[in-house]
> 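Before we start, here is the structure in question, set down as structure tokens.
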Amino acid sequence: YALIDLAYTCGLRRRELNNLNIEDIEADPSGGGTIKVRGKGNRERLVPIGKKALRDLYYYVYHVRTRLLKGGTTNALFVSWRQGGKRMHAYSINAVFRRMRMRYDLDPSFSPHKLRHAFATDLLKNGAPVQDVYKFTEAGDERRIVVGTIETGALAVGNEVTFLPSKKTATIKTLESFGRPAPACF
């Protein structure tokens, strides 16, 4: 669950989840912290993580990850039992999401990418500045977020939205629309 919680609360791509290392986590005195994320083009950014998500992540590190390592050592944050305690592969991350979909009868589109969209949408719905959402997600083009904000601002979740200039449509979803409440992490 730490992987899924982190995917949503930090808006991370599957590859970014896969590349996280133990030393990328940094707690601060307030109880929250930051995670150093290596995104596309190997660019690094710091993403805030809330108290609850950080607590759940530390539980995973100290109670679950240690058993998955099978006596081995690696600096990878997410490791796989099947791969002998080595870094979890991207397809293993997909398998975690698939198991969650099946176990909790979630929407078939439940994936790291959809959680990333839910993260950005929830930030914007709760008044986060577009520039911060862009910085946290490293979305590639700030205009996509701005147009998405303008388009989604007056629409209810679940409506079709056209993102310009690509003219693609997407269904805006939040974590609640996947059948689960949003984590109270911030």
Side-chain angles (χ1 to χ4, degrees), residues 1-28 31-123 136-140 173-186:
Y1 300 121
L3 184 134
I4 291 172
D5 197 16
L6 198 61
Y8 171 71
T9 59
C10 295
L12 302 181
R13 298 176 177 101
R14 181 181 59 196
R15 179 59 58 197
E16 293 168 344
L17 288 165
N18 179 255
N19 289 336
L20 287 174
N21 294 318
I22 291 287
E23 62 269 12
D24 295 335
I25 306 167
E26 187 161 327
D28 62 39
T34 57
I35 294 185
K36 182 171 52 174
V37 178
R38 283 169 297 288
K40 289 184 177 181
N42 218 23
R43 291 185 300 255
E44 289 185 359
R45 68 185 189 278
L46 289 178
V47 178
I49 181 170
K51 292 177 186 178
K52 182 188 178 310
L54 187 63
R55 186 182 65 235
D56 292 347
L57 187 58
Y58 277 136
Y59 180 86
Y60 164 79
V61 168
Y62 291 110
H63 298 283
V64 178
R65 183 180 177 276
T66 52
R67 288 183 293 186
L68 297 176
L69 284 174
K70 294 184 175 180
T73 59
T74 180
N75 63 345
L77 178 59
F78 294 110
V79 295
S80 172
W81 177 266
R82 287 192 173 141
Q83 293 154 1
K86 295 180 181 164
R87 184 179 299 275
M88 187 179 276
H89 290 291
Y91 60 83
S92 296
I93 292 173
N94 287 343
V96 169
F97 277 83
R98 187 172 44 254
R99 283 193 300 274
M100 288 292 288
R101 283 193 305 264
M102 292 169 52
R103 178 176 289 160
Y104 296 106
D105 194 29
L106 299 174
D107 188 294
S109 67
F110 182 72
S111 67
H113 187 74
K114 293 293 183 176
L115 285 183
R116 183 172 160 80
H117 282 269
F119 165 78
T121 301
D122 287 347
L123 283 178
F136 295 151
T137 60
E138 196 181 56
K173 292 189 174 190
T174 62
L175 197 58
E176 288 91 351
S177 63
F178 289 111
R180 307 259 311 171
C185 59
F186 290 108

> Could you tell me which non-hydrogen atom of A7 sits nearest to which non-hydrogen atom of L17, and how far apart they are?
CB-CD1, 3.8 Å

> Is the backbone of E23 close enough, under 3.5 Å, to the side chain of N21 for a donor and an acceptor to pair up by distance?
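A pair under 3.5 Å: no.
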
> Rounded at 0.5 Å granularity, tell me how far CD1 in I4 sits from CZ in F97.
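It is 4.5 Å, given to the nearest 0.5 Å.
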
> Is I93 close to P112 at the side-chain level, that is, under 4.5 Å between some pair of heavy atoms?
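Side chain of P112 against side chain of I93, heavy atoms only: contact under 4.5 Å found.
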
> Cut-off 3.5 Å, side chains only: do R87 and N19 have a donor facing an acceptor?
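No, no side-chain donor-acceptor contact under 3.5 Å.
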
> Walk me through it: do M88 and V79 pass the test side-chain contact (heavy atoms from CB on, under 4.5 Å)?
CA-CA 5 Å; M88 187 179 276; V79 295; 5.9 Å; no

> How are the rings of Y91 and H89 set relative to one another: parallel (under 30°), tilted (30 to 60°) or perpendicular (over 60°)?
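Judged by the thresholds at 30° and 60°, the geometry between Y91 and H89 is parallel.
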
> So how far is it from L3 CG to D56 CG, rounded to the nearest 0.5 Å?
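One gets 12.5 Å once the value is rounded to the nearest 0.5 Å.
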
> Would you say the side chain of E44 lies within less than 4.5 Å of the side chain of D24, judging by non-hydrogen atoms?
no

> Got a second to check how far R38's CZ is from N18's CG, nearest 0.5 Å?
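Output value for this atom pair is 10.5 Å.
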
> Is there a side-chain contact between R116 and R13 in this structure, where contact means two heavy atoms from C-beta onward sitting under 4.5 Å apart?
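Heavy-atom side-chain distance check passes, below 4.5 Å.
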
> List the atom of T9, the atom of A53, and the distance in Å for their closest heavy-atom pair.
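That closest heavy-atom pairing would be OG1-CB, 3.7 Å.
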
> What distance do S92 atom OG and R14 atom CZ have between them, rounded to the nearest 0.5 Å?
10.5 Å

> Between D5 and Y60, is there a side-chain heavy-atom distance shorter than 4.5 Å?
no

> Counting only pairs under 3.5 Å, give me each side-chain donor-acceptor contact of residues 61-68, with atom names and distances, residues two or more places apart or in other chains.
{"residue": "R65", "atom": "NE", "partner": "A76", "partner atom": "O", "Å": "2.9"}
{"residue": "R65", "atom": "NE", "partner": "L77", "partner atom": "O", "Å": "3.2"}
{"residue": "R65", "atom": "NH2", "partner": "T74", "partner atom": "O", "Å": "2.7"}
{"residue": "R65", "atom": "NH2", "partner": "A76", "partner atom": "O", "Å": "2.8"}
{"residue": "T66", "atom": "OG1", "partner": "Y62", "partner atom": "O", "Å": "3.3"}
{"residue": "R67", "atom": "NE", "partner": "H63", "partner atom": "O", "Å": "3.0"}
{"residue": "R67", "atom": "NH2", "partner": "H63", "partner atom": "O", "Å": "3.2"}

> Rounded to the nearest 0.5 Å, what separates atom CG in L54 from atom CD in E26?
10.5 Å

> Evaluate side-chain contact (heavy atoms from CB on, under 4.5 Å) for D122 paired with Y8, printing each intermediate quantity in order.
CA-CA 10 Å; D122 287 347; Y8 171 71; 2.3 Å; yes

> If the condition is side chain to side chain donor-acceptor pair (under 3.5 Å), which residues does N42 pass it with, not counting sequence neighbours?
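Result, side chain to side chain donor-acceptor pair (under 3.5 Å) vs N42: none returned.
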
> Quick one, I35 with E16, criterion side-chain contact (heavy atoms from CB on, under 4.5 Å). Give me CA distance, side-chain angles, the key distance, then yes/no.
CA-CA 11 Å; I35 294 185; E16 293 168 344; over 6 Å; no

> Is there a side-chain contact between F119 and L12, using heavy atoms and a 4.5 Å cut-off?
no

> Report yes or no: does R101 contribute a side-chain atom to a donor-acceptor pair with the main-chain N or O of F110 at less than 3.5 Å?
yes

> When rounded to the nearest 0.5 angstrom, what distance separates CD1 in I25 from CG in L6?
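Interatomic distance, I25 CD1 to L6 CG, rounded to 0.5 Å: 7.5 Å.
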
